[in-house]
Each structure stands twice: as structure tokens, then as C-alpha cells.
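Note sheet for the following structure.
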There are 2 protein chains.
Amino acid sequence: MNGSVSSTTDPGSGARRRSAATRDAILTAARERFATDGYERATIRAIAKDANIDPSMVMRYYGNKEGLFAAAVSVDLQLPDLAALPRDDIGRALVTHFLSVWEENEVLTALLRVGVTNQAGAERTQGVFRDQVLPVARQVCPDPEQIPARAALVATQLLGLALTRYVLRFPPTVALHRDEIVAWLAPTLQRYLTAPSP
Amino acid sequence: MNGSVSSTTDPGSGARRRSAATRDAILTAARERFATDGYERATIRAIAKDANIDPSMVMRYYGNKEGLFAAAVSVDLQLPDLAALPRDDIGRALVTHFLSVWEENEVLTALLRVGVTNQAGAERTQGVFRDQVLPVARQVCPDPEQIPARAALVATQLLGLALTRYVLRFPPTVALHRDEIVAWLAPTLQRYLTAPSP
DNA sequence: TGCGTAGGCCAACAAGTGTTGACTCGTTTG
DNA sequence: CAAACGAGTCAACACTTGTTGGCCTACGCA
């Protein structure tokens, strides 16, 4: 899978680098397992097997299962700067960005799956919302008091989409084309963020 | 195999009834555990302890853990007849009904938690959508071809609300008042179901 | 009164879990 | 070259899981 650890072309040293390589292999395997199996069913043994090493190596490098999860799942939504956009485009921009990030990064599925059954996972999900979604809402909301509520509404719609499309896999939701999703959801988010409160 | 072996329809007391009582106790405890812990962490031992009986009784009555889950979690959304409502009220009616059902019935939380980490749970969730949500969308959608997509959109918004409010417990989402939720979400659902496709 | 049947408990099984410690072996360093 | 170090493996621990079978007990019918 990874390879090229061979000591032939090493400017540095063999064993020194190997640890970094296997550490990465462990993290990659862990992300995959957490994303598809959730926290409880993603066993350290299975992750180690995917990474082609002994389970004890996982413990050596990450302490315990919680530490492995903490190290493997770190989310950066890379949300765009909404203040720089035309005010009427932020809904559309959010949906398209959200779809792209989610589809190219299995970490988000992992975080969602784990957050549902694991307390630490839920808190970590809350952290992503608090540290990355709320600030963006702050950029476009005039009334500071309404920011949490409006950001929360955005989260319900976007996470609901991810849940039914990428986790529960409702056939009609999976069948939706990207353009359809954008066309339907953009006005919703636009309203949640910019419309006067009802 | 089980069920009414006695030929006489006895209202008689005694052991005959006790089994029904403990069966109910098991189901109640199971629902609670599945709702709070998800499938894997809801152990048969814990459920049995909650029901004040031996774990083996669970096996005797429900075969295995999957059978117990199947028996414990059966969802009836009792969705209202949307065709009988003024067309402009169906969004609001859906949100209010959904909130009520979810808050008085922990089965829905159980189903969502299990559906995220368990294949059988995911399929059961799909079944609820297919058998109960789709038909209701059929009542109000003019174009039959658009029914699945529109019902899917409704599901994303409602399940996203439930996910962030009742499972992940995002503080701002939990803080939302029932009226606020209705006021914000009703127009969204109304549009998803009745507006011309964008 | 006696007996069968069913509710219920106890103890145990096999499998799988996270986790630990001792051990091997190649590489780096003095 | 010899010592030290660190990557990696092996085998085992202690525990929990779902699941099973044997046993006791009390009720209801004969």
C-alpha cells in the first residue's frame, strides 16, 4: 500500500522515517474504519490489520483508542469568506462548498458516525460547529444576538443532507443530482442567514 | 412457537400474564437503551438489568439481539392527512407534528442512533421513510415524478433538526424554542413540497 | 393430590475487545 | 566494534459480549 520505505534512497535514515510512515498508515486506516463502522465497531485490531502492523503499535503511538480517534479525526471545513461574496450568493456558496468538502473527505462521515454514538465524538462535532460554522455566520448576520440560532438552522439543513445522503443512504436522497441539491437548498440557507426573522 | 397455548380464554391471573408483563418491561428497557446508547453499546445485560430479569429471558422471548431490536423499535409517525389541510398550512403542520412525535417517543431517537451505525437499522429507517413519508408527499405533489425528490428534501430538513437537537445536542439548536423552529422550518418544508421546481 | 408446563435464574461457554509486557532485530551512535 | 535505541512482533492478560443449557419453582389442570 504505502511502500518506498526502502533504505536504498534515504537521505535521512531508514528506521527514523519508517515510524512516520506507519503512523500515517494507521491514521488513514483509522479514518476509513471510523467512517464506515462508527466508533465501537471500528476495532483497533481491524485498523492495525488495514495498516499492516501489529495492534500494539497503535497503542504505542496513540496511547489508547480515544487518542487514536482524536488524532485521526480533525476537521477543517475550510469555509469560504462569506463577507467577500455578493450577499445573495452565500446560500449557494455554502451548499456547493459543503458538498465538495464532504465528498472528498471521509473524515466528516467518520465524525458524524462517531458523534451519534459516542459522547466525545458528539462534543467534537459541537466544537467544529462552534469554531468554524458560527464565525462564518457572524460575518453575514447583522444582529449578533441572532447568530447562534441562524447558524444552528443552517447546521440542521446541511447535516440532515449529509445524514440522509452519506450515512443512512436514502435512495431518493442519494439519487439527487448535485445541481438539484444546490438549487433547492441554497434558498433555504440564504433565508436562514439573511432573511428577517419571521 | 409462543402465544396463547391455553385453550380457555382465561382472564385468570398467575404466570400466564406475567410473561406478557416482563415482555413489555424488556421492550421498554430496550427502547430506552437503544435510544441513549445506540445498537452496539446497548448490551442485553444492561437491558435485562433495567427490566429486572435475567439476560437469558431476553433470548428466550426475542431469539437474539437483532430480534429484540426489531420487536422494540417499530415506528408509526401517525402523519396527518395533508390532503385535508389548506394547502398553505402543510409545512407548518408537518413541523409541529414532527416535533410532537419526536419528543414524546424515544423510539425515533433509538431508530436514528441505531441507523447510523447498524446496517439493519439504516434499512429500517429507510423503510419508515418509504412507507410513511413518501405516501404523504404523494398527497400533495402534483407531478408524481417529483415525489421522491421532494420527500427526500423534507427528510433532510427534519432529520437534520432531530439530529442536531436530540442526538448531537448542539446548544444553539437545543435552545431554539418550539415556535421559532416552526416559524423557520415551515416555509422550508412548504417550499420543498409545493413550490415549482427551481 | 399429583403432574406437566412454563417462567425465571444461575453458571458457563466461545468469541472478541482494549491493553500490556517481554522479546527480536536492524539501525544509529559513542 | 560494541552499546543504545527504537521499530515492530508475539503472546498473553483481564474483561465484556451474545448466547446456551440445566436447574428450580409455582401455577393450573387432571
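Lettering follows sequence order; numbering is per chain, from 1. All values below were derived from every heavy atom in this structure, side-chain atoms included, with hydrogens, water molecules and symmetry-related copies excluded. Predicted, not measured: the structure shown is a model, and the values here were computed from it.
Remark: B:R33 pairs with B:D37, B:D50 by the salt bridge (charged side-chain N to carboxylate O under 4.0 Å, His left out) rule, at least two apart or across chains.
Distance A:K49 NZ to C:dT17 P: 10 Å, rounded to the nearest Å. For the pair A:R60 CZ and C:dG21 C1', the computed distance is 11 Å after rounding to whole Å. One atom, OH of A:Y61, and another, C1' of C:dT19, lie 17 Å apart when rounded to the nearest Å. Whole-Å rounding puts the B:D54 CG to D:dT25 C1' distance at 15 Å. In this entry the distance linking CD1 of B:I26 with P of C:dG7 reads 11 Å, nearest Å. In this entry the distance linking CZ of A:R23 with C1' of D:dG6 reads 11 Å, nearest Å.
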Please tabulate the protein-to-nucleotide N/O contacts below 3.5 Å involving nucleotides 15-18 of chain D, giving atom names and distances.
from   : atom 1 : to    : atom 2 : distance (Å)
D:dG18 : OP1    : B:I44 : N      : 3.4
D:dG18 : OP1    : B:K65 : NZ     : 3.0
D:dG18 : OP2    : B:I44 : N      : 3.1
D:dG18 : N7     : B:R45 : NH1    : 2.6
D:dG18 : O6     : B:R45 : NH2    : 2.9

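Among the nucleotides D:dA7, C:dC9, D:dC10, the one closest to the side chain of B:I53 is C:dC9. When each of D:dG21, D:dA7, C:dT20 is scored by its nearest atom to the side-chain atoms of B:S56, the top-ranked nucleotide is D:dG21.
An end-to-end axis angle of 10° holds for the helix from C:dT1-D:dA30 to C:dG30-D:dC1, taken from five base pairs per end and rounded to 10°.
Surrounding CD of B:E66 are at most 12 heavy atoms belonging to other residues, nucleotides or ligands under 6.0 Å away.
Side-chain contact between B:L153 and A:L185 is present, with heavy atoms from C-beta onward closer than 4.5 Å. Side-chain atoms of A:R165 and A:I181, non-hydrogen and from C-beta on, do get closer than 4.5 Å to each other. Contact check for B:Y62 versus B:L27: side-chain heavy atoms found under the 4.5 Å cut-off. Side-chain contact between B:L161 and B:W102: absent, with no pair of heavy atoms (C-beta onward) separated by less than 4.5 Å.
Ring pair B:Y39/B:F34 is parallel by interplanar angle, where below 30° counts as parallel and above 60° as perpendicular. Ring geometry, A:W184 versus B:Y192: the interplanar angle exceeds 60°, so the pair is classed perpendicular (tilted spans 30 to 60°).
Listed for the A:R113 side chain is a donor-acceptor partner under 3.5 Å among the backbone atoms of B:V116.
Look at B:T22 and you'll find a side-chain N or O under 4.0 angstrom from OP1 or OP2 of C:dG8.
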